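Just below is one structure, and these are the notes that go with it.
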Amino acid sequence: PGMWHLDDVQIELVDTPPITPEHVPTGLMGTIRNADVVCVVVEAGGAALEQAEMVLGVLRERGLELRTAPRTELNASDGGLRPGLLVPNKADASEPGAAAALRELYDGNLEVFCVSAQTKQGLEDLFRRLWELLAMVRVYAKEPGRPAQMEKPFVLPAGSTIADLARLIHRDLPETMKFARLWGHSRFVGQQVHKTETLRDRDIVEIHE
């Protein structure tokens, strides 16, 4: 495990052992099923297609399918469907256009992000796409008369409301709050809004009791 820092949010990344049809390490499928997004990492180049088909086949045999779509857009009742990406590594050492076959084969199901762990090529784009697939929003709480706490956002699922934020602050707050003021996607700065207002990424919220 390691931590990826996206601005002011920490997101855990887990580098797993490789899998083959003959060997899936004990407990690994449980780790994959519990992941919010799954990246299938292969070596960019001639073997990429074979490796991708092998890994996806192993997952499929165990009832797990990957699609490049935010979690909120996948069928929640289908326990075997997970957000995913196909990530050819060592792109700096592969021939130009090596990912074309992968993109053609998986078009419409899995997006392909070529990266290089050595040179960091493509990593920023990959991480930004992972954040989109996580379907989360960062929201900053603000006490009346004080600056917002911009270094410590609350992270909530996309579609969450001010009431959901209030519940994270204190379980009784949604019932005791009177209104909130919003800086962000509101029509004007500090607009008074109801607790049913849907939050967007990087909103600043001031709750009044």
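These numbers were taken from a predicted model, which means no experiment stands behind them.
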Tell me whether [X] contacts the main-chain N or O of [Y] through its side chain, where contact means a donor paired with an acceptor under 3.5 Å.
X	Y	value
R138	P153	no
D203	H185	yes
N34	G30	yes
D164	T161	yes
S160	L156	no
K195	P174	yes
E132	P70	no
Q191	R187	yes
D8	E151	no
R82	D36	no

Are [X] and [Y] packed together at the side-chain level, in the sense that at least one heavy-atom pair is separated by less than 4.5 angstrom?
X	Y	result
L126	W131	no
T72	P157	no
I169	F154	yes
R33	L64	yes
L85	V40	no
K90	C114	no
W4	V9	no
V55	V41	no

Verify the cluster assignment for I11 and I32: are they in a single hydrophobic cluster under the rule of side-chain heavy atoms below 4.5 Å apart?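 Result: no, two separate clusters.
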Single-linkage hydrophobic cluster I204~L199, side-chain heavy atoms < 4.5 angstrom: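 No, separate clusters.
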Interatomic spacing from CG in L74 to OG1 in T68 - rounded to 0.5 Å: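 Those atoms lie 9.5 Å apart.
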Starting at CD of E197, measure out to OG of S186 and round the result to the nearest 0.5 Å.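 Going from CD on E197 over to OG on S186, the span is 8.0 Å.
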Applying salt bridge (Lys or Arg N to Asp or Glu O under 4.0 Å), run through K120 and D92 and close with a yes or a no. CA-CA 9 Å; K120 303 190 184 309; D92 57 307; over 6 Å; no
Heavy-atom pair with the smallest gap, counting every atom of [X] and [Y]:
X	Y	answer
L102	A52	CD2-CB, 4.3 Å
P25	P18	CD-O, 3.9 Å
L66	P83	CD2-O, 4.4 Å
A180	V205	CB-CG1, 4.1 Å

side-chain contact (heavy atoms from CB on, under 4.5 Å) between F113 and L123, worked out: CA-CA 9 Å; F113 277 78; L123 288 181; over 6 Å; no
Sequence neighbours excluded - salt bridge (Lys or Arg N to Asp or Glu O under 4.0 Å) pairs with any residue from residues 54-64: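 Passing the test, one end in residues 54-64: R60-E65.
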Using distance alone, with no hydrogens and no angle criterion, decide if Y140 and E206 have a side-chain donor and acceptor under 3.5 Å apart.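 Looking only at side-chain atoms, E206 and Y140 do not form any donor-acceptor pair under 3.5 Å.
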Can you list the residues that meet the side chain to side chain contact (heavy atoms under 4.5 Å, CB included) rule with E209, with sequence neighbours excluded?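 Checked E209 against side chain to side chain contact (heavy atoms under 4.5 Å, CB included); matches are L173, T176.
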Once salt bridge (Lys or Arg N to Asp or Glu O under 4.0 Å) is applied, do any residues pair with E111, and if so which ones, sequence neighbours excluded?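 Counting only residues at least two positions away or on another chain, E111 forms a salt bridge (Lys or Arg N to Asp or Glu O under 4.0 Å) with R129.
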Evaluate the criterion side-chain contact (heavy atoms from CB on, under 4.5 Å) for residue pair K142 and I207; output intermediate values, then yes/no. CA-CA 7 Å; K142 178 184 181 302; I207 294 177; over 6 Å; no
